[in-house]
Amino acid sequence: MRVSQPDSYYVTTPIYYVNAEPHIGNAYTTVAADVLNRYHKLFGYRSYFLTGTDEHGSKVAESAEKAGLSPQELCDRNSQVFKDSWKKMNIEYDKFIRTTDPEHEEIVRKFIQVLHDKGYIYQGEYSGLYCTGCEKFITDKELTEDGLCPVHLTKPQQVREKNYFFKLSKFLGPLKEKIESGDLEIMPASRRNEVLGLFKQNLDDFSLSRERVKWGVSLPFDESQVTYVWIDALINYISAPKYPDGPDFDRLWNKSTVVHLMAKDILKFHCIYWPAMLMAADVKLPDKIVIHGYLNLDSQKISKSLGNIIKPDDMIGWFGVDASRFLVLNMCAFGSDGDIRIEDFYTKYNSDLANNYGNLVSRTLKMIDRNLDGILPQPSGDDMPEIIKDGYETVGKVRDRLVDVQIKMATDEIIAYLSKLNTYFDEKKPWVLAKEGASNELGKVLYNVSYGIALSSALLSPYLTEKTATVLECLFGKKIPPNVVLQELGHALGFSDKIEIPKENLFPRLSMPKELETKAEAEADNLIGIEDFAKVKLQVAEVKAAEKVPGADKLLKLQLEIGRELRQIVAGIAEYYEPESLLGKKIIVVTNLKPVKLRGIESNGMLLAAQKNKKLTLLTVDSDIPSGAKIS
Ligand code: ME8
């Protein structure tokens, strides 16, 4: 889509761990990559799409053991679950790579040997805390106050072993330059800044092998160690086109615009470790790394342990495959975190798909059938009406948005054009024209709207792969690829001489299931759900020190012990409590408030108090309990 870039693209998703089933989060990235790949083709470029599964490492080995299967059996079973899900979601990948493919394993060894031969691998010893869930070492600083991994809330293992290290330090300078110059484009800009921020921290050489893990690709120069699962996984992007000299490597990797898509969780691996290893091996870097946010459901992280997983199958059951593809990607700006609610899926489905697109197609095609016998007149004269020119402009805007991978903004342009078409239809009142027998004018109006529908259908085809094909077939009397419609831009369209009406309602209006409606009503009444309450973190705190804030009659500065942590808060209770009377009291504090400064003093939390008729009393606990105790 960028004129100065090569005319072929190579689009990738992360390869997903096979220890869990696909959920709406993985579907988000995979549909995004699929849609991007289809847009490239729609706009006349070549595009290749790779996805797959990440199958080695201790996480997978442990899951297999729990399931009573060998690791390979678990991988075979679960990678098939991913393939099945993607098939149901109409994901059209060119290759599905599995890291247990023997060809991949061989290329991993080849690549690592190159790094070794060039002198960028050395032996050392690693000791640290390892989280199997993350498949990475974590530092003390990252742990929760209970000493757990902050992502998985599990206790990391203390590991000490002989490892091979990669000389990351050698490449940090040149890599930073490439990111700053845009040679390696990280999108959006906020994530690029986040990556540049990482260079200010200590980025140590990293270990690329494991001694104790058995389920992995053994190192070519030391068979007693396996390749660290993350390194094995990253190499998939070049093993798929068969690094270093397979028939597709030059075309796909060197001569295409390589676009990696993923969420923010794995940014460091992709934006630092991966390009540094490629530089070390003298391999071209990816061109764009596109990082999107996290989808949260009802403001909570989507996770198995919270039981709030939406599977692709659930979505397909509610909305059908086309609408699911459309909805999953278009609830929030691409790049930002998105709070999704199932209720909002229903609202968006009804407004954009049922009322806007579906209804326009239905009333236009029915009118052509009933009033013009299915035949649209060819337009006379060369002048394109405004409403069609708006359509051309929309095509341009969609292309521009996609250069920056602003997928939702691109869709919003199409939806806005459909609204314009609906307004045009309403204002021209074709039903009145039909009644008055003004068939010339009627033909023109319906031709213009049909032209707009054809353009919008082509533009929506990357999402609505099935329904837009139906609409185009009704309009053109034969199956017509959506890119062919766009090739006709600026010319009259050769519609069928017997335009058909779709056999089924494209997007019937859906009513929200009762329980969701009740939830939505409760929200409208300002009631909150338990999930809202759960956002507030309340804990017991013990007052260790208290003093007046000089110059502020109402404020006390308190030092609190909350479990292992000491915190300072400033509270407006000086009129009600003498500082000494508070010492040793166990009070209740909101511990996840953003810190603020009061009179220049940092306050990191808020205590709870009851207040009525100029009386105030602090909330405290009924019986003794250690500070740090959580309140729910
Ligand atoms: O990290 N919202 O695999 P993984 C949006 N195997 N996207 C989400 C999401 C959410 N709530 N949850 C998951 C791995 N994702 C490694 C990758 S690549 C060389 C190795 C998506 O199964 C998102 O793309 O944990 C995220 O980056 C990816 O799933 C993580 O998948």
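Side chains are part of it too, since the values below use all heavy atoms of this structure and drop only hydrogens, waters and symmetry mates. Each ligand, and each atom within it, is numbered from 1 in the order the structure gives.
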Six-ring centre of Y120, K170 cation under 6.0 angstrom, axis tolerance 45°: no

Carboxylate-amine/guanidinium contact K88 D84, below 4.0 Å: no

Report yes or no: do Q80 and D76 form a side-chain donor-acceptor pair below 3.5 Å? no

What atoms in ligand 1 come closer than 4.0 Å to a heavy atom of D54? 6 (N), 16 (C), 20 (C)

Minimum-distance protein heavy atom relative to atom 7 (N) of ligand 1: G25 O, 3.2 Å

Going by the angle between their ring planes, with limits at 30° and 60°, are Y9 and Y45 parallel, tilted or perpendicular? perpendicular

Using a strict threshold of under 4.0 Å (side-chain N to carboxylate O), is an ion pair present between D34 and R325? yes

Would you call Y39 and V398 a side-chain contact if the rule is heavy atoms closer than 4.5 Å? yes

Going by heavy atoms, is K301 under 4.0 Å from ligand 1? no

At what distance is the nearest protein heavy atom to atom 28 (C) of ligand 1, and which residue and atom is it? Y16 CE2, 3.9 Å

Residue-level breakdown please: for H292 versus ligand 1, do any non-hydrogen atoms fall below 4.0 Å on the side chain, on the backbone, on both, or on neither? side chain

How does D265 reach ligand 1, by side chain, by backbone, by both or by neither, if only non-hydrogen atoms under 4.0 Å count? side chain

Taking E55 first and then R98, would you say they form a salt bridge - that is, a charged N and a carboxylate O separated by under 4.0 Å? yes

F269 near ligand 1 by a heavy-atom separation under 4.0 Å: no

Is a side-chain donor or acceptor of D344 paired with a backbone partner of I340 at a separation under 3.5 angstrom? no

Quick one: does E135 get within less than 4.0 Å of ligand 1, heavy atoms only? no

Can you figure out which of I235, T29, V18 has its heavy atom closest to atom 23 (C) of ligand 1? T29

Side-chain heavy-atom pair V108, E105 within 4.5 angstrom cut-off: no

Can you tell me if W274 contacts ligand 1 (heavy atom of the residue under 4.0 Å from the ligand)? no

Less than 4.0 Å between a side-chain N and a carboxylate O, is that true for D248 and K242? no

Given F199, F206, F166, the one that forms ring pair (Phe, Tyr, Trp, His ring centres under 6.0 Å) with F171: F166

Taking atom 1 (O) of ligand 1 as the reference point, the nearest protein heavy atom with its distance: I266 CG2, 3.6 Å

Ranked by distance from atom 12 (N) of ligand 1, the top protein heavy atom is H23 CE1, 3.3 Å

Decide whether an N or O pair under 3.5 Å exists between A263 and ligand 1. yes

Can you find a non-hydrogen atom of G293 under 4.0 Å from ligand 1? yes

Residue pair I186, L267: steps toward the side-chain contact (heavy atoms from CB on, under 4.5 Å) verdict: CA-CA 10 Å; I186 297 174; L267 154 158; over 6 Å; no

Which residue supplies the protein heavy atom nearest to atom 2 (N) of ligand 1, what is that atom called, and how far is it? L295 N, 2.9 Å

Atoms of ligand 1 under 4.0 Å from any heavy atom of A233, numbered from 1 in the order shown, are 19 (C)

Among protein heavy atoms, which lies nearest atom 3 (O) of ligand 1, and at what distance? Y17 CD1, 3.4 Å

Protein residue, atom and distance nearest to atom 29 (O) of ligand 1, heavy-atom basis: N26 ND2, 3.3 Å

Does any N or O of ligand 1 fall below 3.5 Å from an N or O anywhere on I15, backbone included? yes

